[in-house]
Structure formats: structure tokens, C-alpha cells
Amino acid sequence: MSNKSVLDVLTHSPGTSIGVFLVAIHLLSALFGFLFVPYGPTELAGVSLLAPGSPGFSLGTDVIGRDYLTRLVLGGRTSIFVAMLGVMIAVVSGGLIGVSAAYIGGFYDDVIMRLVDIKLSIPGILFVALCVVGFGRSIPVLTIVIAINYMPGALRIIRSQAMTQVPLDYVKSARLRGDSKLSVIVRELCPNVLEVVVVEFAIRTSSAILAVSALSFLGLGISPPTPDWGLMVYEGIQQIYFAPWLVLFPAFLISTLVIGLNFATDGLANALGLDAARGLD
Amino acid sequence: MLIAILRRVGLSLIIICLVAVLVFLATEVLPGDALDVFLTSDDLMTMEAEDIEALRHEYGLDKPAVERFWQWFSGVVVGDFGVTFIDKTPVSDVIWDPLLNSLLLATVITLIAIPVALAIGILTGYYRGRKADSMVSSLAIIGYSIPDFVIGTLLIMFFAVWIPIFPALILVFADASVLELLKVSLMPAVTVIIGHVAHLSRLLRVGFIEAMNCEFVERARLSGIPEKRIVFRHALPASVIPSLNSMALFIGNLLSGLIVIEKVFGYPGLGLQLLEAVDKREVHVVQAVTFLGAVLVIGMNLLADLAIIILDPRVRSHKHE
Amino acid sequence: MYSEKKNFEKNQINQPASGITRRNFAIGAGAGFVSLSLSNLLFSSLSMAAQPKKGGKLVYAGSYLNSKHKSLKNAKHPYYGIEIRTRNTYNALTWVDEELNVVPEIATDWESNQGQDVWEVTIREDVKFHDGRPLTVEDVIASYNLHKDKKLGTSFVKKLVDKIEKVSTNKVRFFLKSPSSEFAWNLAEYRQAIMPAAPLDEMGFLGIGSGPYKFAKIDVGRRVIYEANEDYWGKGPYLDTLECVNLPGTNPLNGYLSGQFDVLAAVDPSLINQLSATPNTKIDIAKAGDQIMMVLPKYEGSPFMDKRVRQALTLALDREAIIRIVFGGKTGWASNDTHMAPFNEDFLAKEPRNIPKAKQLLAEAGFENGITLPTFYYAPYVPEITRVLSVAAESVKEAGITMKIEERPMAGYRKWRVENKEKTTKHRFAMGPVGPRNPAMNLFRMARPTYNESGYWHPSAEGDRYIELYEKAMRTGDPIARRNIYHDMQRILQNDVPAIFLTGRRETIAFRSNVHGLKAHSQHWSLRFNEVWKS
């Protein structure tokens, strides 16, 4: 992709620009926010439940007196990391398996697709609950949970994209050249499904961020005292009638991030001519 | 065609069996069993290791995994989900009411969500690229981007506490009548719909745009068929097809996917039952709920496949010619 | 209103030790009961305005679920019922009142032999079960045969009671396996309901007790509706219908503010200020409540094997900060590293926070540059636990201690603290809540006969000495002599620090101002609703 086309994609429509802007702000704050926050994330800096605008605490304090601005700035890091890494693992491994299934076909393809069917028919929450109850709420566990949850769907869509490529000439000629299966899959097919993989990554990341926050709400996600928006909403819900900002601020941040991701993804898919990717499988 | 259908049904049955095996294996990996959860620290304080082993033996928790699996599975085949470990209640008693309640909520949601999604999908698809499209599409995306539990909490705050129209928490008995449940299930249903209508409507929009670009629509237009008729009789059925499988998955997943909403509103559904069963290591309940969920998803998929055959646009367009 | 009784006990305790026999004490309890009813009579005749009104329905929420609760089949059983507050439908022989005195319930009087291992209990003869049958000594005996049954019974009784026999039509005799000088408190425990005699494996399932309310309708795991027992032997009940709601995971505040609930029976401490500012809402705060305990896992390679590390950790914890920040200074209390609560007259305050000393101890143990402890896992048993541990973790940083915490799901959590498949004493972490009781029951929790499961002790001379002292206290009928032993036991715990106790909560209830006669109870399971009425 040339530089020009990247810029084209990013400014495909006003919606896309807004989306890209939101995502960029969120990513920057997740990456570098820690340099600018006034307090430590778990530091008991002030009096409990200060309202926004209090001196020294521009967004107030939470229920045990931690600076809310600090926690809000740092509260996206963990879930963004878990969601992105988990989905990355899902689409990369799902992509490789999907492409290989499409190319090799036959019994291998059948087995893979039946496994996908099985996973898709088991309630997603079951896997999450089993993993978390069994292995705890650590970040590696959550990342793997996200990866397992999103892999089968991505696999299915990438496979069907790869299926459209397999009968094409360049694949045939590679096979006739005597390239190994691995080489055809990695060198020929993968680059040609990359766009779908990117779109899948974007779509699923936005959904994964919502999923992580929902897990935190259910007590199965990121563990306290790590600042996390989903968790902050959960902790704030008790106070919603008396200190509604404790819920509204983190909810606003989750929503803007997911809205940004969705708008950006939309533009991305449109620009790549993959509008229908969502609906095909 | 009959062979194709039979093949699909057979495949579905095999998948269901494999689901059962997989879920059993997954629950086996977990540390601890039902007894570990059942005993309180007071109990442990006064028990020796031998007492615990004796109890484990009595509850049949020390049997080999294969034996336990076979015992359970051979029951399921004849519709018997077994009993819970600790107090020997039939699993079907445990899950029956939550299952019905979840089905009811899922039905309410489906009955509202599908027409709303259709309307939005057609509207945005028909006026694609115009203001109405971008406005409605954006609103739908925003709805989808706010976490369910935030929407639910805000709805409770507005419509139960500040303007008391609806009950804040759902205080109906798990075995309440349909009418009673319907009365209280509107807010949870609306919460889910706000969160999920965007996804469905986008699928429909894509399908609708594709259908409107189809040759048969073009031909219908040229032959002077009124626009309304083209939209509703020709494009609409065709647009539904590509999203039928996704819709089926959506409905199938409602059963367990409503868990967050069940928690916010206290709705007596299957999701919470599943989570509790995992917590308490009641493997038989976990298996039964998962099994039913899988049957539902697979069943809905089967229905979608059949519907696709019936609604196939090419068949229809041939008829019109 | 129980002040007379309390003074009586105090006076008695302050008498020279030689003058007291167990018999006097038992009569004292009986006398307390008489004065209690007298004061109630006085109270009601003096204030006509506060005359209880009959009728109405009260809904309370935010209860403590019974982890043993499973199904409709056992939902009425005192062991397995939806909530551990069994007093709505059942009576036990004794009750622990809001002031933490043991008072009569079905029993009117109790006394022991010199050795504290044979107890005679006299019972009321005017009590009827919900089905109209009179409650007799046979029912008491049958109930205790269930409670002590090796397979079906309940832990405290199984451990303690050997045999129970009839003495007369209103008197039974308990033979204990080992002496127990505070046996009357054991009799008040929430599972030890008195039920109509029946074959043991059938008892309890019908939900027939002698309590102020009868089971009317049950929604498994969510809700119970009780109706008034018009033939109740004691005061009340005044309400026609009492309802307990417990929707797992929901915010009961929504239900309260929208008018669905009259009472929030377990209030999150962070809400107390706001709730007291809510119109028409009253708050009642008990003397004490559950406290949060950290078990320090002791296994080869654990830093907690070193006593100095344990001592340093407890010295570094800022309990005052926890009480100030988490409990608003009002609803928490500082623990003393034992299961004792400050309302126990034998409570021995512990050494205050001391950062230099903590650092010095750590340096002696070889951690002069600070120490990172293994992760503490905990489950959300009480709403404020995350906050308590967060403040605790911040406060120990000052002494160079890094204490990581991680929340685990509620029930799946147990396995993280009990790890004895191979009969080892390895524990991977953690904490649990413990309820406040009388000294004997409190201190029993650390007097485990075997060094397993809980991880309190690693085999040590201190542990053996502690158990020895406990056994001695149980043989000692004289409360003064017992108090000295209890002090010695607490000193052992405070010096050896087998486990750390952070802070306790004070049980808090919030209710509408038209609800009367409801008082918060330090033992949340002992809350009674029989005298509650609505205006």
C-alpha cells in the first residue's frame, strides 16, 4: 500500500476521519498518558469522592480517594492491550489455519470447519467462565480467552476469502512451479487475504474491547486494583445516584474508543472494497 | 435436496455429540470439584482429610472421568440430564424455568429487533450515501458502542428511579406466568436491542444494497413495476438471505449472551444459571445448559439454511418472469 | 434495652473469682431474660405512640446468600436455605442479641458440671411448631441428633456433641466430646434450628420451625416470601408478609430508591453518607461485623515462613487509614490479628503501626531493600473488600513492601486457598471474612487440631502452646480465669502472626422511616424480624 492510499483510506469519509482521530487519541493516551498523569494509578491522593473540579483533582476522586483523571487516562491501557493482542492472535492464527484449510481442502478442511462449528455453537461465556474460574483473572489468561473466542469467526471469514483466491492463476502457477504447500500458503495466499485480515482485526478489536469491559463487569475480567474502564464503571455503579461521573466518564471513554474503531473500520472496509465482508459468512 | 438436508441434520447431530465431549473435557481441566465449593470454611475447620474423601466417594465425585461422562451421556440420549452432585435434584428441574424465561426474553427481543433492524437496514440501504443513511447508521453504531451494562443502568436510573414507570429490578418468580414476565421484560429487551440492532441492521443494509444492484431489480424497474413493490417484494426477501445465518447465530446466542442484562436487571435467565453452575462446579448443569445452547444455535442454523432454499431470489425472479 | 442484663453480667464478672460458679452464671442469664421482658413492658407502656401496628408487607434486600443453597428441594432446610438468616422461620436454643450477649430462645436456662463437658438445658413449654404441634424435649433431642450426625450434621455440633438425653419433660442433657465452657453460645448458631422430630434424613426439608414467620413461597436462589406465624410464642410478628430478595449481582440500591425494597439489609459502607442524606431513610450501625483476614500461606519457599516478615507486614499496615477511607471513620474497626472483635470484653488491642520497626524486621530477615509478597487472591465476599485491600497494599509500600492483590470469582475461589490433594499444607494465597462471636468460638478458629487447610500455623511450638491454652480455657468455668487465658492466646497470635486481620466492618442496615423495631446486628445471620412493624 502506498502512502497516498493509506491517507486515502484514513480520510475516506468524514466518519472515517472522526473514527481515525478518536482511535489515534485513545492510542496515544494509552501509550504515553502515563507520562502526564499527576498521580500514581493506585495512589491514595485525596479525600474520597471529590467532585470533578476540585483543586488538584480536575476530574475528582474515586471512592477511596484515588485521582480519577489518572485512573481514566490509564484505564484504557490494559483492556486495549488485552483486546488487541488477543484479537491479533485470533486473526493471525485463524488466518493461517483458514488459508491452509482453503488451500489443502479435503479432510483437513472438513475437520477444521467442524471444529469451528463446534466452537461457534458453544455459548461464548462458558469458555470465559471456565478459564477464569480455573486459571484466574491474570492478563495472559484473559488474552487467551479473547483469542479463543474470536478465532473461529475470523477463521471462517478468512477461509472463505482464501477460497476465492485458490482457483486463481497465480496460485495454480505457483503450484506448477513445484512450490511446497507451506510456501504457497505463506507467500502467495496470505498476502492476498491480508486486507480481509486487517478488516477482521479492526472489527473484532472493537467488539473485544466491549467484551473485556463486560467481563470486568461480571467479575471475570481485569482484576482490581488495575485501573480499567469496565471495572471503574462496575465500581461506580453503586454510587451512580450520588456521584454519576464515576460511571459516566469511563463509559464515555469506552464508547468513544469503540465508536472510533467502528467508524474507522467502516471507512477502511469501504476503501478496500470489502463492504460486504461482514455479511458474507 | 433431501440427501443434502439429511446430511446437514446428521452433521448437526455429530457436532452436538462433540460439543458434549468438549464441554466435559473443559470442565475436567478445572481445579476442584463440586465438593470443594460446597464445603464452607467452618466445615473444613472440623473435618479431616479422610472425612472429605469419604464425602467425595459418597457424592460419586471420585469415579473416573470416563465413567462419569458415559453415565451422563447415555442419559442425555434419552432426554435425562442427570441430577446435581450435591443434593441430587434433577438437572431438568434446575434449568427448566430459567430456560423458558430466557426463551421468552429472546423471543421478545427477536420480535422487536428483527423488524427494527429490517426497517433501519432498508432505510439506510435505500438512501445509502445520503444524510438519512449516515445519520441513522451513525446512531446505530453509537448504540452498539455503549456497553450493555451502562445502557441498562442508565435506563433503570431514568425509567425506574427518576420516572418510575418500570420496575428497577425484576421481582418475578422464576416460574412466573408469561404475562407477568412480559410486563417486566421490556427494559431488558430494549437494552439488548439498542446494543445489537446496529450489527443486524448493517448486515441487512449490505444485503439490501446488493439486492438493489441485482439484475432482476434492474429488470423489474425497467418493466415499470412501482418502486414500493420492488423494494418490498423483490429486494427485501433477497436482502434477508445473506444475513439469515448471522441472524440465526444472534438468536441462538441470545440464550447465553444475555447474561450481562440478566445481572443488571436480575432477570431469572439461563445465563446466570450457567455462570453459577460453573462457579459451583455442577458439571451436569453446565453440560445441560451448554448442550441446550448448542442445540439451539445448530437448530437455528438449520432453519436458516432451509429458509435460504425457500427464499432463494433466483427461484423467485424466475417465477416473476 | 438489654442493659440490665449486661450490667448483671459485668457485676458478676467483677466479683472475686472464687465466688462464681457456673450455676450462678446460668441463673444470671435467666434473670437477664426476665429483666428484658420487664424493660420491654415498661417501654411499651411509656410510649403509646410507638405501639407496634399490625399488618403490612416488608421487603428486604442485600442479604448474605447461603453458599450451600442449591434447589427447591432443600430451600427450606436450615442448613441449605436461601439465606443464612434462619431466625425468620426457626428458633435455636439460644440467641445472641444485638449487644452480643447470649440470651434464651427455646432454652430458658442452662448449666454445666464442673468439668464443663455435661450441660443441662431447660426449655420453654409454650412453644408450638408451624403445624400446631407443641415443641417438646423429644424434638430438641431429634434436632440435635441431626446436627451431630456424622454425615448429615453441622460442623460445630459434629465436632463437639457426643450424646444428648432427656432429663425431664422440659430438660435435656448434652454430653460433650470435650469440655466447652461457652457452650451456650454454640447453641445459638444459625444452623442449629429446632425442628419437629422425624427420621434424620427427612428432617428440615418441610420448613416447619417455631419461628415468627412461615415459608410461603420460594424462588430458588432469588427470593423468599414469609407469612406471619400467628401462634408465635414470643413478641410479634407484626408484619403479615416478610420478603427476602437477593438477585445475584444486581444493585439493590436501584430497588430501594425505586421503592421496591423497604430495607437494605447489607449496606456498602461507601453508601452510608449518601444514604443518610436520602429522604425518609434511617441508618442503623451495629457494634461490629465480619472482619477481613489474610491467610499467610506457609510452605517451603514462602516468605511467610519467616516470622519477621509476618510481623513486619502487620506493623506496616495502616488500619486507621482503612477505617478512615473505606469506612468513613464510622463503620469499621481495627482488628487485633485474632478473630476477636472489640465488643468482646477479652479483646486485647494490638501494637500500633510502626514503620521503622517493620523496616528493621525486614532488614533482619534479609530484605533491607524491600520485599515483594506473593499475590493475595480474594473473592468479593463483602462489597468493600477490594477497597480495603487496595488501601492496605498502598499503606505497606511505605515500609518497602509490595503487596499485589487479585480478585477471583466467588465460589471458584475456594480452591485457591485449600490445596491439599497431596495432604500438603501448600496454599496459594488469600483472605476470607470471619464473623464476630464469643471468645471461645473466635479463638477456636486458630486452634486447629491439625495443621492443614487454613494455613494459619506451620507446625510450631507456638501453635502447640496455643492449642494447649485453648483446651485449658474450655475446661475453665470461671470467666475471669478464662479471660487471662484468652489474653495469653491473643498475645501468642499477635507475636507469631500466623494470619493477619486487617479491619472489621460494622454491619449496617438502611430502611425507610416507616419501618420500626429493626436493629442492625453484628452477626448478620442473627438479625431478627419478629419485632419489626411498619407505620
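Chain letters run A, B, ... following the sequence lines, proteins first, then strands; residues in each count from 1.
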When only pairs under 4.5 Å are counted, which of B:Val161, B:Val23, B:Leu154 shares the most heavy-atom pairs with chain A? B:Val161
Engaged part of A:Leu248 at the chain B interface, taking heavy atoms whose separation is under 4.5 Å: side chain
Taking every heavy atom of B:Leu275 against every heavy atom of A:Ala129, the minimum-distance pair comes out as CD1-CB, 3.5 Å
All heavy atoms of A:Asn262 vs all of B:Ser145, minimum pair found to be ND2-OG, 3.3 Å
Non-hydrogen side-chain atoms of B:Tyr144 and A:Ser207 separated by less than 4.5 Å: yes
Minimum heavy-atom separation for B:Ile15 and A:Ile118, please, with both atom names. CG2-CG1, 3.8 Å
Can you tell me which portion of B:Ile146 sits under 4.5 Å from chain A's heavy atoms? Options are side chain, backbone, both or neither. both
How many angstroms lie between atom OG1 of B:Thr290 and atom CZ of A:Phe127, to the nearest 0.5 angstrom? 9.5 Å
Side chain from CB out, backbone as N, CA, C, O: work out which of these in A:Leu261 comes under 4.5 Å of a heavy atom of chain B, or both, or neither. neither
What residues form a ring pair (Phe, Tyr, Trp, His ring centres under 6.0 Å) with A:Phe81, not counting sequence neighbours? none
Distance col, row B:Leu22:CG vs A:Lys119:NZ, nearest 0.5 angstrom, shows 9.5 Å
Quick one: of A:Thr256, A:Leu115, A:Val233, who has the most non-hydrogen atom pairs under 4.5 Å with chain B? A:Val233
What class does the angle between the rings of A:Phe217 and B:Phe149 fall in, given that below 30° is parallel, 30 to 60° is tilted and above 60° is perpendicular? parallel
To the nearest 0.5 angstrom, please state how far the CD1 atom of B:Ile151 sits from the OG atom of A:Ser255. 8.0 Å
Hits for side-chain contact (heavy atoms from CB on, under 4.5 Å) against B:Leu139, two or more places apart or cross-chain, chain-then-number order -> none
Hey, what do you get for CD1 (A:Ile18) to OG (B:Ser138), rounding to the nearest 0.5 Å? 7.5 Å
